[in-house]
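Single-structure report; data block below.
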Amino acid sequence: KPLPRAARSAERREAILDAALEEFSASGYAATRLDDVARRADVAKGTIYLHFADKESLFQELLRTMMSPVLGAIAAAPDARLPMRAIAERFVETFVHEIYNTRRRDVIRLMLTEGHRFPELAEFYYLEVLSKALGGVRAVLARAAEPGNARHAALVEFPQLLVAPGLVAILWSGLFERFSPLDIQGLMRAHLDLLFGADGGRPA
């Protein structure tokens with residue numbers, strides 16, 4: 001039985017986004033052509049324009065659709081009554097399982113390597129994804145922070161510290177994985193040990 005028109009349209013749109021991810025990941029943003037996306041998606045180039053105004057809007061929608069679930073996972077934040085280290089571990093697990101172990105890391109690698117060349121895309125990513133993620137993490141950490149604890153205060157002020165080694169791992173995976181695979185779980189555990197120390201971050 002043929003699919004209804006709306007379902008066929010949604011299916012083609014999904015195919016275009018999947019193809020766009022492959023092309024952007026393989027060629028970079030600048031070198032990717034909509035002709036190549038259409039060929040990979042097995043649609044006419046004109047079909048892309050039925051869904052997206054241009055390459056920039058296609059990339060923006062790819063960012064939005066891929067990263068929205070991560071924002072949802074952050075919104076379902078751990079209980080702020082947990083110890084700060086336990087909360088940090090939850091956020092790190094979200095990063096590993098929802099970003100590093102998925103194709104989302106390809107999207108972030110693209111932003112890290114090409115965002116400076118396309119400031120309008122970097123601005124979109126910051127406003128739509130990064131600022132919301134950092135705001136959510138900061139809010140939970142602030143509620144859990146112990147007064148007078150310098151480590152806690154630093155994490156609240158700079159929540160980027162939590163995932164900084166994860167970003168290094170994303171770059172490493174694209175450049176050096178074939179020479180020296182990285183144990184992302186071990187790296188993140190070691191990072192938390194350095195952040196919190198053997199005492200779990202309690203004030204001395």
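Because only heavy atoms are used, hydrogens play no part in the values below, and waters and symmetry mates are left out as well, while side chains stay in.
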**OP:** Please name the pair of heavy atoms, one in Ile170 and one in Arg105, separated by the smallest distance, quoted to 0.1 Å.
**Re:** CG2-O, 3.6 Å
Subject >> Atom pair CG/OG of Asp106 and Ser173 - distance to nearest 0.5 Å >> reply: 7.5 Å
**OP:** Verify, without hydrogens or angle tests, whether Ser57 (side chain) and Ala53 (backbone) share a donor-acceptor contact under 3.5 angstrom.
**Re:** yes
Original post:
CD/Gln60 to CG/Leu62 distance, rounded to the nearest 0.5 angstrom?
Top reply: 11.0 Å
**OP:** Return the minimal non-hydrogen interatomic distance between Leu112 and Leu167, and the atom names on each side.
**Re:** CD1-O, 4.1 Å
Subject >> For the student: nearest non-hydrogen atoms of His97 and Thr102, plus distance >> reply: O-CG2, 3.3 Å
Original post:
Under a 4.5 Å side-chain heavy-atom rule over Ile, Leu, Val, Met, Phe, Trp and Tyr, are Leu175 and Ile184 clustered together?
Top reply: yes
**OP:** Can you spot which of Asp35, Asp42, Asp36 makes a side chain to side chain donor-acceptor pair (under 3.5 Å) with Arg39?
**Re:** Asp36
Original post:
Do Val168 and Leu187 have side chains that get closer than 4.5 Å, going by heavy atoms?
Top reply: no
Original post:
Are Phe158 and Phe91 connected in the hydrophobic side-chain network, where two residues link if heavy atoms are under 4.5 Å apart?
Top reply: yes
Original post:
In Å and rounded to the nearest 0.5 Å, what is the CZ to CZ distance from Arg143 to Arg81?
Top reply: 11.0 Å
Original post:
Out of curiosity, Ile16 CD1 to Glu23 CD, how far, rounded to the nearest 0.5 Å?
Top reply: 13.0 Å
Original post:
Checking Lys55 side chain against Thr32 main chain: does a donor-acceptor pair fall under 3.5 Å?
Top reply: yes
Subject >> Asn149 side chain reached by Met84 side chain, heavy atoms, under 4.5 Å >> reply: no
**OP:** With sequence neighbours excluded, tell me which residues meet side-chain hydrogen bond (donor to acceptor under 3.5 Å, both in side chains) with Tyr29.
**Re:** none
Subject >> Other residues, nucleotides, ligands: >12 heavy atoms within 6.0 Å of Glu123 CD >> reply: no
Original post:
Does the side chain of Phe118 come within less than 4.5 Å of Glu56's, by heavy atoms?
Top reply: no
Original post:
Could you give the distance from CZ (Arg151) to CG (Leu194), rounded to the nearest 0.5 Å?
Top reply: 10.0 Å
Original post:
Would you say the side chain of Ser9 lies within less than 4.5 Å of the side chain of His51, judging by non-hydrogen atoms?
Top reply: yes
Original post:
How long is the gap from CE on Met66 to CD1 on Ile99, to the nearest 0.5 Å?
Top reply: 10.0 Å
Original post:
Salt-bridged, Glu22 to Arg103, with N to O below 4.0 Å?
Top reply: yes
Original post:
What about Leu121 and Val129, same hydrophobic cluster or not, with Ile/Leu/Val/Met/Phe/Trp/Tyr joined at side-chain heavy-atom distances under 4.5 Å?
Top reply: yes
Original post:
In terms of hydrophobic clusters joined by side-chain contacts under 4.5 Å, are Leu155 and Val96 together?
Top reply: yes
Original post:
Looking only at heavy atoms, what is the nearest atom pair of Ser180 and Trp172, with distance?
Top reply: O-NE1, 2.8 Å
Original post:
Side chains of Val107 and Phe24: closer than 4.5 Å at any heavy-atom pair?
Top reply: no
**OP:** Answer yes if the side chains of Ser27 and Arg33 hold a donor-acceptor pair under 3.5 Å, and no otherwise.
**Re:** no
Original post:
Do Ile74 and Val140 have side-chain heavy atoms sitting under 4.5 Å apart?
Top reply: no
Subject >> Step-by-step side-chain contact (heavy atoms from CB on, under 4.5 Å) determination, Leu171 to Thr113 >> reply: CA-CA 9 Å; Leu171 290 174; Thr113 56; 4.1 Å; yes
Original post:
So which heavy atom on Ala20 is nearest to which on Leu58, and how close?
Top reply: CB-CD2, 3.9 Å
**OP:** Please test Leu63 against Met111 for side-chain contact (heavy atoms from CB on, under 4.5 Å), starting from the C-alpha separation and ending with a verdict.
**Re:** CA-CA 10 Å; Leu63 288 176; Met111 293 306 308; 4.2 Å; yes
Subject >> Closest non-hydrogen atom pair, Gly115 against Ala122 >> reply: O-CB, 3.8 Å
Original post:
Is the closest side-chain heavy-atom distance between Phe95 and Leu162 below 4.5 Å?
Top reply: no
**OP:** Measure from the side-chain N and O atoms of His191 to the backbone N and O of Val163, and report whether any donor-acceptor pair falls under 3.5 Å.
**Re:** no
**OP:** Tell me, yes or no, whether the heavy-atom count around Arg12 atom CZ, taken from other residues, nucleotides or ligands under 6.0 Å, exceeds 12.
**Re:** yes
Subject >> Set of residues satisfying side chain to side chain contact (heavy atoms under 4.5 Å, CB included) with respect to Glu128, sequence neighbours excluded >> reply: Arg64, Phe124, Lys132
Original post:
If Ile, Leu, Val, Met, Phe, Trp and Tyr residues are connected whenever their side-chain heavy atoms lie under 4.5 Å apart, and connections chain through other members, are Tyr125 and Leu17 in the same group?
Top reply: yes
